[in-house]
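This is a predicted model, so every value here is computed, not measured. Naming convention: chains lettered A, B, ... in sequence-line order (proteins, then strands); numbering from 1 in each chain.
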Amino acid sequence: MDKNEQGSEAKVERLNFIEQEIEKDFQLPKLQGKTLATRFPPEPNGYLHIGHAKSICLNFGLAKKYGGTCNLRFDDTNPSKEEQEYVDSIQEDVRWLGFEWDALWYASDYFDQLYEWALQLIRDGKAYVCDLTPAETRDYRGTLTAPGKESPYRNRSVAENLDLFERMRAGEFPDGSRTLRAKIDMAAPNMNLRDPVMYRVLRAHHHRTGDKWCIYPMYDWAHGQSDSIEGITHSICTLEFEDHRPLYNWFCENLGIWHPRQIEFARLNLSYTVMSKRKLLQLVQEKHVSGWDDPRMPTISGFRRRGYTPESIRNFCDRIGVAKFYSTIDVGVLEGCLREHLNVVANRVMAVLNPLKVVLTNYPEEQVEMMEAINNPEDPQAGTRQLPFSRELYIEQEDFMEDAPRKFFRLKPGGEVRLRYGYIIQCQEVVKDPSSGEVIEVHCTYDPQTRSGMQVDRKVKGTIHWVSAQHAKDVEVRLYDRLFLSENPEEAGEGKSFIDNMNPDSLTVIHAKVEPSLVELPAGTRVQFERNGYFCIDSVDSQPGQPVFNRIVTLRDSWAKLQAKGQAD
RNA sequence: UGCCCGAUAGUGUAAUUGGCAACACGACAGAUUCUGACUCUGUUAUUCUAGGUUCAAGUCCUAGUCGGGCAGCCA
């Protein structure tokens with residue numbers, strides 16, 4: 001085999017840096033005979049968004065690729081912010097994305113074990129009960145450049161710590177009055193190691209453990225230990241936890257338990273989008289959107305309702321890669337993945353968004369012909385359907401211009417255009433509203449020798465879509481556009497916030513004329529309105545026989561681009 | 001004036017770990033088209049800076065620049 005042959009055949013599999021580390025790790029004695037074990041660990045305090053999708057695809061994808069396992073674990077250590085509603089939505093979203101967890105756990109499943117381990121650290125002289133107030137604790141911690149001071153309670157006896165900690169659990173002390181802290185190093189350059197808090201006293205009803213506990217573990221104390229209990233081999237998280245890794249390691253080592261390896265990657269940023277749960281919550285609470293599943297939201301549920309496919313989101317996550325560099329992906333990449341998939345799976349249909357009446361003056365008054373239309377040129381299996389054609393039609397207002405530039409290949413006075421699956425027509429007369437001058441009707445003649453499928457001698461540059469006026473149905477269509485006008489919505493001017501960067505026209509509701517078959521389609525159906533874009537029947541607001549269409553994404557439009565550049569002439 | 005991390009075409013990600021810098025998307029030009037869609041062809045452009053080691057550096061060393069993270073009893 002020569003070099004060229006080898007080069008064209010060998011599909012070089014490119015590993016991202018996490019895969020490389022994993023493959024290296026499995027050479028180690030520690031992992032001999034084991035399989036990869038990952039987990040997706042969301043906090044149930046909000047809905048999942050596209051950034052989570054990256055993490056989900058990574059963790060579940062890795063498990064699939066290496067024949068390992070991936071658990072879903074709710075990081076529910078802060079009952080004041082967490083709710084069952086979020087637990088339910090997260091499970092639904094993970095499944096919708098196409099993944100199934102090997103085991104479902106909650107950090108709260110481990111509260112008893114965590115408590116036992118805390119006792120162990122106390123007995124080993126590695127943890128102590130601290131009576132400092134929150135403000136004092138902050139004060140004692142020092143700053144980024146100055147070391148902290150040791151707490152006056154740092155050297156309590158083991159017996160006293162044991163007694164106090166048990167009484168913390170028993171509810172003898174008010175909220176916030178005491179903490180259990182790991183005894184590490186108040187002068188550590190890494191702030192996380194300055195005697196981090198392990199437990200706080202907090203009386204809040206927990207969605208799963210109810211009122212059993214009045215002390216709750218902190219993230220650092222709960223997360224790594226939960227990973228350890230589950231036998232996780234690789235704990236993959238985002239970059240902001242990089243500084244926590246030494247603490248993650250410290251707990252595992254000092255407890256002498258299974259020690260997973262934490263690896264961090266850069267979270268996803270998308271242009272024209274906000275991604276923090278806090279900001280998304282604000283959009284919902286202040287009613288800038290209709291809810292977490294508003295089709296403009298970058299949440300999984302929002303995308304689902306909008307009409308995105310799980311395949312396109314998975315493909316997107318694959319395409320953007322994974323690294324440690326903090327980057328922003330152009331939202332156009334996501335839209336590109338969407339179009340790529342929808343192009344293959346969505347049936348084509350006729351729908352006129354902004355109708356303009358066309359009368360074919362030489363077409364018989366009562367005649368109706370059925371025209372055969374291809375459902376999906378990308379998929380022969382999708383078959384064909386019959387479209388009614390008659391004397392009065394609607395076309396798109398955009399497809400007619402009285403004073404058209406040279407490159408306008410659509411209908412203009414005296415000009416010819418093909419009606420998709422119909423005839424070639426020629427524009428004879430323009431009817432205007434005498435008062436406003438607005439074009440209200442266009443009169444054309446049709447050429448009976450040009451019916452779709454016939455051999456036609458002449459070339460017509462443009463083809464436009466249409467619906468038969470008497471057969472068309474009126475439906476509500478929601479035209480969605482990006483929620484924010486600026487590429488980075490977080491960058492707001494002095495005294496402003498990301499809310500000020502919202503796009504006032506992110507939703508336009510119109511009524512469109514569509515071919516009759518559309519009113520019978522079930523909610524969730526995705527179709528392509530030819531020459532317009534992809535649309536999905538809204539699963540919340542549609543009624544039987546009365547679908548509401550959400551615009552998922554427009555088609556690429558090189559004509560619009562030409563116009564924008566002023567090159568249409 | 002601390003600690004940690006990062007920097008490769010416009011964007012994002014690779015480079016057999018020291019051996020000819022590549023892939024995807026975009027942009028641009030063209031072909032095709034009963035969707036100005038899809039598809040196809042072609043073009044474009046890349047190693048943060050300065051030194052050093054080496055036959056050879058995106059990769060190793062030194063110094064710098066720029067960007068990000070960290071001072072919750074949040075995760």
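- With hydrogens and angles left out, the side chain of A/R556 and the base of B/rG36 share no donor-acceptor pair within 3.5 Å.
- By the 30° and 60° cut-offs, the orientation of the rings of A/Y47 relative to A/W292 is parallel.
- In this structure, A/K565 reaches the B/rC28 phosphate: one of its side-chain N or O atoms is under 4.0 Å from OP1 or OP2.
- In this structure the side chain of A/Q528 never reaches within 4.5 angstrom of the side chain of A/L342, judged on heavy atoms.
- Considering only side-chain N and O atoms, A/S327 lies under 4.0 angstrom from the phosphate OP1 or OP2 of B/rU13.
- At whole-Å resolution of the value, CE in A/M186 and P in B/rC3 are 18 Å apart.
- Residue A/N16 is in sugar-phosphate contact alone, with no base atom involved, counting any heavy-atom pair closer than 4.0 Å across all strands shown.
- In this structure, A/L268 places its CG atom 11 Å from P of B/rU13, rounding to the nearest Å.
- Base engagement by A/L144 is indicated by at least one non-hydrogen atom pair under 4.0 Å involving a base atom.
- Nucleic acid contact for A/Y216: none, since no nucleic acid atom lies under 4.0 Å from a heavy atom of the residue.
- The aromatic rings of A/W105 and A/Y110 lie tilted to each other, with the angle between the two planes from 30° to 60°.
- Checking the phosphate oxygens (OP1, OP2) of B/rA27, a side-chain nitrogen or oxygen of A/K561 falls inside 4.0 Å.
- Within the 4.0 angstrom heavy-atom criterion, base atoms lie near A/Q528.
- Two residues, A/K24 and A/P217, neighbour RNA chain B, and the one matched to the more 5' nucleotide by heavy-atom proximity is A/K24.
- Note: OH (A/Y326) to P (B/rA7) measures 16 Å, nearest angstrom.
- Using a 4.0 Å heavy-atom cutoff across all strands shown, A/F325 reaches sugar-phosphate atoms only and no base atom.
- Counting distance only, with no hydrogens placed and no angle test, the side-chain atoms of A/D557 and the base atoms of B/rG36 include no donor-acceptor pair under 3.5 Å.
- For the OP1/OP2 pair of B/rC74 and a distance below 4.0 Å, the side-chain nitrogens and oxygens of A/R200 include at least one atom meeting the criterion.
- Atom CG in A/N375 sits about 19 Å away from atom P in B/rC34, given to the nearest Å.
- Rounded to a whole Å, the CG atom of A/L338 is 15 Å from the C1' atom of B/rC25.
- Using a 4.0 Å heavy-atom distance criterion, A/L132 is classed as a base contact.
- Using modelled atom types and a 3.5 Å distance limit, the side chains of A/Y248 and A/D227 yield a donor-acceptor pair.
- Summary of the strand contacts: A/L555 and A/T179 both lie near RNA chain B, and taking for each the nucleotide with the nearest heavy atom, the more 5' one is attributed to A/L555.
- No contact: A/Y199 has no heavy atom under 4.0 Å from any strand.
- Residue contacts for A/V344: at a heavy-atom cut-off of 4.0 Å it reaches no nucleic acid atom on any strand shown.
- Counting any heavy atom pair closer than 4.0 Å across all strands shown, A/E242 reaches sugar-phosphate atoms only and no base atom.
- At the heavy-atom level, A/E136 lies nowhere under 4.0 Å from the strands shown.
- When heavy atoms are screened at a 4.0 angstrom cut-off, A/R194 is found touching no nucleic acid atom at all.
- Note: CG (A/D243) to C1' (B/rC4) measures 5 Å, nearest angstrom.
- OP1 or OP2 of B/rA15 sits under 4.0 Å from a side-chain N or O of A/Q20.
- In this structure, the ring of A/F241 has its center no less than 6.0 angstrom from the ring center of A/H223.
- Among the heavy atoms of the strands, none lies under 4.0 Å from A/F529.
- Within 4.0 Å of A/H465, counting heavy atoms only, lies no atom of the nucleic acid at all.
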